[in-house]
**Q** 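The following block contains the structure, expressed as structure tokens.
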Amino acid sequence: MTLKIESAFDGKAATLRLSGRIEEDHLDAIQEEVKRYRPHLVFNLGEATLVDREVVCFLAAQEMDGVELVECPRYIREWIARERSHECSFNPVKKENDRDPDQ
């Protein structure tokens, strides 16, 4: 299953339900949703089945910026904690600058 993003707004905060497999290639789409719904945002990860390291770093950075992670699977929560201890950082500007201009 690939990534499915569902959004809901309860008048106070927007919840993005991220379901399925979440990979680095999906981060641009997720960031667009983050921009749309800031500053009160929740990620529901209860149906996330698989993530990669870049996604874990992204989630850690979002959480540090105030995004709440709910129903976060234990393995993702533990991985976030490990990455934080290794100073994992997600910088979309750096990532954008690292891309090959010929793409």
Side-chain angles (χ1 to χ4, degrees):
M1 176 180 193
T2 187
L3 174 66
K4 180 178 179 183
I5 302 173
E6 297 174 297
S7 61
F9 185 72
D10 67 6
K12 295 180 183 178
T15 298
L16 296 180
R17 179 183 305 272
L18 305 176
S19 304
R21 188 179 197 138
I22 311 169
E23 299 174 331
E24 181 178 7
D25 294 344
H26 300 126
L27 291 178
D28 290 339
I30 296 169
Q31 284 179 335
E32 286 302 314
E33 295 297 314
V34 169
K35 288 177 192 173
R36 179 198 256 177
Y37 291 111
R38 279 283 195 190
H40 305 290
L41 184 60
V42 175
F43 285 162
N44 183 322
L45 300 168
E47 296 179 18
T49 57
L50 187 64
V51 296
D52 63 22
R53 183 175 185 273
E54 288 300 316
V55 170
V56 168
C57 291
F58 171 78
L59 293 172
Q62 291 300 307
E63 190 173 41
M64 291 186 73
D65 285 343
V67 173
E68 184 180 358
L69 305 181
V70 298
E71 296 186 36
C72 187
R74 175 186 245 161
Y75 87 94
I76 295 174
R77 176 59 59 204
E78 290 172 355
W79 196 355
I80 288 171
R82 281 193 309 270
E83 291 297 336
R84 278 195 180 132
S85 70
H86 291 93
E87 298 180 16
C88 174
S89 65
F90 178 81
N91 184 342
V93 173
K94 179 180 180 287
K95 185 179 169 201
E96 190 70 30
N97 291 338
D98 288 346
R99 289 189 180 156
D100 184 357
D102 295 329
Q103 287 185 352

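Below, all heavy atoms of this structure are taken into account, side chains as well, without hydrogens, waters or symmetry copies. Just so it is clear, the model here is predicted, and its values are computed rather than measured.
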**Q** Once salt bridge (Lys or Arg N to Asp or Glu O under 4.0 Å) is applied, do any residues pair with Glu6, and if so which ones, sequence neighbours excluded?
**A** Lys4, Arg17

**Q** Return the minimal non-hydrogen interatomic distance between Pro73 and Ala48, and the atom names on each side.
**A** CG-O, 4.0 Å

**Q** Just jot down the side chain to side chain donor-acceptor pair (under 3.5 Å) partners of Glu23, sequence neighbours excluded, or say none.
**A** Arg21

**Q** What residues, two or more places apart in sequence or in another chain, satisfy salt bridge (Lys or Arg N to Asp or Glu O under 4.0 Å) together with Arg38?
**A** none

**Q** Is there side-chain contact between Trp79 and Arg53, with at least one heavy-atom pair below 4.5 Å?
**A** yes

**Q** Can you list the residues that meet the side-chain contact (heavy atoms from CB on, under 4.5 Å) rule with Arg77, with sequence neighbours excluded?
**A** Glu63, Leu69, Cys72, Ile80

**Q** To the nearest 0.5 Å, what is the distance between NE2 on His40 and CZ on Phe9?
**A** 8.0 Å

**Q** I need the His26 NE2 to Leu18 CG distance, nearest 0.5 Å.
**A** 10.5 Å

**Q** In the hydrophobic clustering that connects Ile, Leu, Val, Met, Phe, Trp and Tyr at side-chain heavy-atom distances below 4.5 Å, which members other than Val70 occupy its cluster, ordered by chain and number?
**A** Val42

**Q** Is the shortest side-chain heavy-atom distance between Leu45 and Val51 below 4.5 Å?
**A** no

**Q** Would Thr15 and Asp10 count as a side chain to side chain contact (heavy atoms under 4.5 Å, CB included) if you check the C-alpha gap in whole Å, the side-chain angles of each, and the deciding distance to 0.1 Å?
**A** CA-CA 8 Å; Thr15 298; Asp10 67 6; 5.8 Å; no

**Q** CZ of Arg84 to SG of Cys57: how many Å apart, nearest 0.5 Å?
**A** 10.5 Å

**Q** Quick check: is Tyr75 connected to Leu59 through a chain of hydrophobic side chains (ILVMFWY, heavy atoms under 4.5 Å apart)?
**A** yes

**Q** Would you say Ile22 and Ile30 make side-chain contact, with heavy atoms under 4.5 Å?
**A** yes

**Q** Of all residues at least two apart in sequence or in a different chain, which pass the salt bridge (Lys or Arg N to Asp or Glu O under 4.0 Å) check with Lys35?
**A** Glu32

